[in-house]
There are 2 protein chains.
Amino acid sequence: MRKDALHNRERLLEAARQLFADRGLEVPLEEIARRAEVSIGTLYNRFPSRDDLVEAVFADRVAAVRELAERSLAADDPWEGFVAFLTGVCELQSVDLGYNDLAVRSMGADTREGDALMRRIVARAQEAGMLRLDVTLEDMAFVIWGVAGTVRATFRTVPGAWRRHLALTLDGLRAGAAHPLPVPPMTTTQTEKALGGCDQGASAQGTRGRQRGG
Amino acid sequence: MRKDALHNRERLLEAARQLFADRGLEVPLEEIARRAEVSIGTLYNRFPSRDDLVEAVFADRVAAVRELAERSLAADDPWEGFVAFLTGVCELQSVDLGYNDLAVRSMGADTREGDALMRRIVARAQEAGMLRLDVTLEDMAFVIWGVAGTVRATFRTVPGAWRRHLALTLDGLRAGAAHPLPVPPMTTTQTEKALGGCDQGASAQGTRGRQRGG
DNA sequence: TCTCAACTTGAGGAGGCCCTCAACTTATGG
DNA sequence: CCATAAGTTGAGGGCCTCCTCAAGTTGAGA
């Protein structure tokens, strides 16, 4: 890859990082190109689809979450580890509207191993008697989706509010708080579908989500 | 108002009701007009701005929430009342993506009296020793924002999932679940600002939210 | 029936965003 | 320095949504 091309790639990523961070994943690509001082054509050269760009921009976060998961799993206190993990993910959400959007449709990690790690974090906290036994990994989606909503609402006005939301949520997840739940947990498949279905931007807006044209 | 005009108004409201319900508040107005079999011009005649239409469509829900609040306040068991209220609002959210969007930016009621009623519901549950004392009405926004996220994600795939989310959340709100919270509650002003800030559609999408042109 | 205010219509301008591609520029190895 | 593959550019077509307004239609009272 030519040096100038690499340079432009870098500028594009940096521009995208900034714009995604404070406007969410749906900023116009043309605006990203403009901020990178590069033509829109170049952007499409480097990143044929929006998802390619998103993936490149957030690759580091995915890795970070993975590490976070490993650290959390290694924590002395299983509950502390569990809390640290969720707090860490939410912290990332709270600081970057783009990642916030992304988390909503991937539950933070997305990868096979990430999934396995999280499952172990949950299991360990349960075995320690701290996390209620009637929840599953799938229930963690509620935490992410929930905090995502609060982050969207309070991002600019009350930046710390999500911590309170999370704390309340965690109090509901403690073993001692357990009261019978009205419906069974989502299955893995259901969760995957739900995550996948969040694609075309938060609420609805018709068919705006484009496909790659073959 | 002429009879045919009234008729068209009805058709528009019905079309909007349906489309808002399964696509959210951001469906194209032209699509609403089309479904109502009425020209776009007529839509603008009756409802100069999208908000006018939204308000008309959801007027009944606002009233319903008000009644719900009154009933909840009158319940024998203060905690049951509290739960009934939140469940009722979430039920409305879960059944209509439009109302789900609306709740995110109004916390269900919006009105002065609604606010006062909710405050009493909260206070009563606290006085009964069931609702933790360190939460305030403002914290109820977390419930709405949270469930809204789950509804958006699971609306089509796992329609009942929100009940589980809500149940977990409620378990965190019980007096017995209380653990120290990391940050103070949002102030009324902050909450208002946060609600107001959710206007231009869930995540970010730039400046798409139009203003009325004076 | 006649009148006219009330109402409806839908083409079309304005503005966005997406994506492509033919023409141009430039880094790089020889 | 040259050749050329790699890369850049940005106008422009396609599609969408918003909103307006001049021209046409119609309900309802006189």
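A quick note: this is a predicted structure, and the numbers were derived from the prediction, not measured. Naming: A, B, ... by sequence-line order, numbering from 1 per chain.
One can place CG of B:L6 at 16 Å from C1' of D:dT26, the figure rounded to the nearest angstrom. We find that CZ of A:R34 is positioned 14 Å from P of D:dT9, with the value rounded to whole Å. Rounding to whole angstrom units, CG of residue A:D52 and P of C:dC18 are separated by 14 Å. Taking atom CG of residue A:L43 and atom C1' of nucleotide C:dC19, one finds them 11 Å apart after rounding to whole Å. In this structure, the CD atom of A:E37 is 15 Å from the C1' atom of D:dT9, given to the nearest Å. Whole-Å rounding puts the B:Y44 OH to D:dA22 C1' distance at 18 Å. Atom P of nucleotide D:dA22 and atom CG of B:N45 are separated by 14 Å, given to the nearest angstrom. Between A:L25 atom CG and C:dC18 atom P there is a gap of 13 Å when expressed in whole angstrom units.
Among the protein residues, A:I40 comes within range of the nucleic acid bases, having at least one heavy atom under 4.0 Å from a base atom. Using a 4.0 Å heavy-atom cutoff across all strands shown, B:R46 reaches sugar-phosphate atoms only and no base atom.
Residue pairs meeting the salt bridge (charged side-chain N to carboxylate O under 4.0 Å, His left out) criterion with at least one member in residues 31-41 of chain A, sequence neighbours excluded, are A:R11-A:E37, A:R23-A:E31. Applying the salt bridge (charged side-chain N to carboxylate O under 4.0 Å, His left out) test to residues at least two apart or on different chains, the pairs with a partner in residues 153-163 of chain A are A:E91-A:R163.
Considering only the side chain of B:S39, C:dG10 comes nearest among D:dT8, C:dC19, C:dG10. With C:dC19, C:dT9, D:dG7 as the candidates, the nucleotide lying closest to the side chain of B:V38 is C:dT9. Nearest nucleotide to the side chain of A:T42, out of C:dG10, C:dC19, D:dT8: D:dT8. For B:E30, taking side-chain heavy atoms from C-beta onward, the closest of the listed nucleotides D:dC18, C:dC7, C:dC19 is D:dC18.
Among residues two or more places apart in sequence or in another chain, the side chain to side chain donor-acceptor pair (under 3.5 Å) test is passed with B:E80 by none. Residues meeting the side chain to side chain donor-acceptor pair (under 3.5 Å) test with A:E14, sequence neighbours left out: A:R17, A:Q18. Taking the side-chain contact (heavy atoms from CB on, under 4.5 Å) definition, one finds that B:V83 meets it with B:W79, B:T87, B:L170, sequence neighbours left out. The side chain to side chain donor-acceptor pair (under 3.5 Å) test applied to A:D171 returns A:R174, B:R132, not counting sequence neighbours. Remark: B:S94 pairs with B:W162 by the side chain to side chain donor-acceptor pair (under 3.5 Å) rule, at least two apart or across chains.
Across all non-hydrogen atoms, the minimal contact from B:D134 to B:D139 is O-OD2, 4.2 Å.
Using a 4.0 Å cutoff on non-hydrogen atoms, no part of residues 10-17 of chain B comes near DNA chain D.
Within the 4.0 Å cut-off from OP1 or OP2 of D:dT8, at least one side-chain nitrogen or oxygen of A:N8 is found. The side chain of B:R9 places no N or O atom within less than 4.0 Å of a non-bridging phosphate oxygen (OP1 or OP2) of C:dC7. Look at B:R50 and you won't find any side-chain N or O under 4.0 angstrom from OP1 or OP2 of D:dC19.
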Where protein sits on nucleotides 22-30 of chain C, one letter per nucleotide: B base, S sugar-phosphate only, - none, heavy atoms under 4.0 Å: ----BSS--
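The aromatic rings of B:F20 and B:F58 sit parallel to each other, their planes meeting at less than 30°, with 60° as the upper class boundary.
Side-chain N/O atoms of B:E31 and base N/O atoms of D:dC16 include no donor-acceptor pair closer than 3.5 Å.
A donor and an acceptor atom, one from each side chain of B:N45 and B:T42, are nowhere located under 3.5 Å apart.
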